[in-house]
Amino acid sequence: MIPAYPPLPGTATARTYPEDFIVTEVLGFTPSGDGEHHLLQLRKRGWTTEAVAGLLARHFGLARSAVSYAGRKDRHAETTQWFSLHAPGDKRSVEPGQIAEGVEVIAATRNDRKLRIGSLRANKFVITLRSVDAPRGEIDKRLVTLAHHGMPNYFGEQRFGRDGDNFEQACAWLLGEKRVRNRSMRSTLLSAARAELFNRVLAERVGEGSWDRVLSGERAMLDASHSHFAVVEADKYLASRARHGLVHPTGPLPGQHRDAPEGVVAQLEERVLAPAAELIAALERQGLKAQRRALRVMPRNLRWQWRTPDRLEVSFQLPAGSYASILVREIVRTRT
């Protein structure tokens, strides 16, 4: 799970209406313009991503397995996202327009390969907070800080399931207390387990004030990249790059063949994760490759506007895999 809220100046209401949470996917590639796959950009409202995938399969007379997407998006939101339809030999063009109540095709092209989870570069958000009960100056100050210094890159509540119990289920399965046969559910539980362990390390770094600093022994990550490198000594040059959001410290996504940190960073991670040693061993037996994830993320193009004295609109872009809900929780406690 994610840690408790940081000290906040007040509360606000979130997601009163679907248009209070607008998200637009940004692809990580340029469509080829031809190939066996229809590539559709859809705007949806009141639909889960999986439900839209089923709708597209029925609408175009395809098997559900022929429809894929790059990421799941919330139902109670206005979302613009991409889907691909594997339809070799299908020469028909797809025209923009509504295909069901709350589902509209915005753009269509062809592509030479299907969409896969992780094909996104980023997501753009426009979030409206209503009934803000907090000093405006304090909210503005927090937003300025986020724009310049970034935010902790916690996995959000979505990673832990509707009832927030995916981590507990993952432990029960991985430690032999229950059986999980469904392959998709297994993948979900593995992700939740690793997210929980990462969040624990990040929370410790936040608590000691080092989540946005590169320490000696760190595995540091370049901004907007998954590439990381060993920091033998945290010198002034690296410190400057970290202050400017160009380099970030990282935390573990446990698995096999890890590139481990050293020194004080290794000691911190070992201390935090020691109670989960049996779980980590189980993750390794699943064949997962260890990865590193940035402890900090820099919101891009962060802008905000007070539409009324108690209604705030915030827009920004986050890399795929980071959570808008985490940015919001850094400025105000939300009511739903």
Arg136 (side chain) donor-acceptor with Trp306 (main chain) under 3.5 angstrom: no
Partner residues of Tyr17 under the side chain to side chain contact (heavy atoms under 4.5 Å, CB included) criterion, sequence neighbours left out: Glu19, Asp20, Arg130
Heavy-atom donor-acceptor pair, Thr11 side chain to Arg333 backbone, under 3.5 Å: no
Linked, directly or transitively: Val328 and Leu318 (ILVMFWY side chains, under 4.5 Å): yes
Main-chain N/O of Val94 paired to His38 side chain as donor or acceptor, under 3.5 Å: no
Ser191 (side chain) donor-acceptor with Ser187 (main chain) under 3.5 angstrom: yes
Minimum heavy-atom distance between Ala220 and Val214, given as atom pair plus value: CB-CG1, 4.3 Å
Leu302-Met298 co-clustered via ILVMFWY side chain contacts under 4.5 Å: no
Cluster overlap Ile106 with Phe60, hydrophobic side-chain contacts below 4.5 Å: no
Sub-4.5 Å side-chain heavy-atom contact between Asp90 and Leu62: no
Geometric cation-pi criterion Arg159 and Tyr323, 6.0 Å radius, 45° cone: no
Test item: Arg110 side-chain N/O and Pro31 main-chain N/O as donor-acceptor pair under 3.5 Å: no
Candidate pair Leu222 and Arg241, rule side chain to side chain contact (heavy atoms under 4.5 Å, CB included), full reasoning: CA-CA 10 Å; Leu222 301 174; Arg241 286 173 63 81; 3.9 Å; yes
Smallest separation among heavy atoms of Val126 and Ser315, with atom names: CG2-CB, 4.1 Å
Ring pair (Phe, Tyr, Trp, His ring centres under 6.0 Å) against His228, all qualifying residues, sequence neighbours excluded: none
Close side-chain approach of Pro152 to Glu330, heavy-atom, < 4.5 Å: yes
Nearest-0.5 Å distance that lies between atom CD in Glu218 and atom CD in Glu262: 11.5 Å
Heavy-atom closest contact (Leu115 atom, Ala70 atom, distance): CD1-N, 4.2 Å
Arg335 side chain vs Ser131 backbone, donor-acceptor pair below 3.5 Å: yes
Side-chain donor-acceptor pairs under 3.5 Å in residues 266-282, sequence neighbours left out?
| residue | atom | partner | partner atom | Å |
| --- | --- | --- | --- | --- |
| Glu269 | OE1 | Arg292 | NH1 | 3.2 |
| Glu269 | OE2 | Arg292 | NH2 | 2.8 |
| Arg271 | NH2 | Glu204 | OE2 | 2.8 |

Side chain to side chain contact (heavy atoms under 4.5 Å, CB included) between Leu295 and His248, intermediate numbers included: CA-CA 7 Å; Leu295 296 180; His248 311 295; over 6 Å; no
For Lys73, side chain to side chain contact (heavy atoms under 4.5 Å, CB included) partners two or more places apart: Val23, Glu25, Lys44, Thr49, Thr79, Gln81, Leu120, Asn123
Geometric class of the Tyr69/Phe83 ring pair [parallel <30°, tilted 30-60°, perpendicular >60°]: perpendicular
Asn111 vs Phe29, side chain to side chain contact (heavy atoms under 4.5 Å, CB included): CA-CA, chis, key distance, verdict: CA-CA 11 Å; Asn111 200 46; Phe29 64 93; 3.6 Å; yes
Nearest atoms (heavy-atom pairs only) where Gln317 meets Ala122: NE2-CB, 3.5 Å
Arg142 (side chain) donor-acceptor with Thr145 (main chain) under 3.5 angstrom: no
Heavy-atom check, side chain of Asp310 versus side chain of Asp133, under 4.5 Å: no
Gln291 side chain to Arg194 side chain, donor-acceptor N/O pair below 3.5 angstrom: yes
Donor-acceptor under 3.5 Å (Ser119 side chain, Arg116 main chain): yes
Ser68 versus Ser84, closest heavy-atom pair with distance: OG-OG, 2.6 Å
Nearest-0.5 Å distance that lies between atom OH in Tyr154 and atom CD1 in Ile326: 8.0 Å
Side-chain heavy atoms of Leu143 within contact of Leu312, under 4.5 Å: yes
Check: Arg219 side chain, Pro252 main-chain N or O, donor-acceptor pair, under 3.5 Å: no
Straight-line distance of Arg285 CZ to Leu174 CG, nearest 0.5 Å: 8.5 Å
Heavy-atom pair of closest approach, residues Trp47 and Ala100: CZ2-CB, 4.0 Å
Worked verdict on Thr334 versus Arg329 for side chain to side chain contact (heavy atoms under 4.5 Å, CB included): CA-CA 7 Å; Thr334 56; Arg329 75 188 294 273; over 6 Å; no
Side-chain ion pair, Arg75 and Glu50, N-O less than 4.0 Å: no
Side chain proximity check, Val247 to Phe229, heavy atoms < 4.5 angstrom: yes
Whether over 12 other heavy atoms sit under 6.0 Å from Arg92 CZ: yes
ILVMFWY cluster, Val264 and Val232 together (side-chain gap under 4.5 Å): no
4.5 Å side-chain heavy-atom contact, His37 and His86: yes
Residues that Ser322 engages under side chain to side chain donor-acceptor pair (under 3.5 Å), provided they are two or more places apart: Asn153
With Arg58 via side chain to side chain contact (heavy atoms under 4.5 Å, CB included) - residues at least two apart: Leu55
Heavy-atom side-chain contact between Trp304 and Val144 under 4.5 Å: yes
Cluster link Ile331 to Ile22, ILVMFWY, side chain under 4.5 Å: no
Gap separating the CH2 atom of Trp173 from the CZ atom of Arg181, nearest 0.5 angstrom: 13.0 Å
Separation of Arg303 CZ from Phe316 CZ (nearest 0.5 Å): 13.0 Å
Sidechain-backbone polar pair: Glu313 side chain, Thr128 backbone, donor-acceptor under 3.5 Å: no
Side chain to side chain, Phe21 and His76, heavy atoms closer than 4.5 Å: no
Arg186, CZ atom: more than 12 neighbouring heavy atoms under 6.0 Å: yes
Between OG1 on residue Thr80 and CD on residue Glu104, distance to nearest 0.5 Å: 9.0 Å
More than 12 heavy atoms of other groups within 6.0 Å of Glu101 CD: no
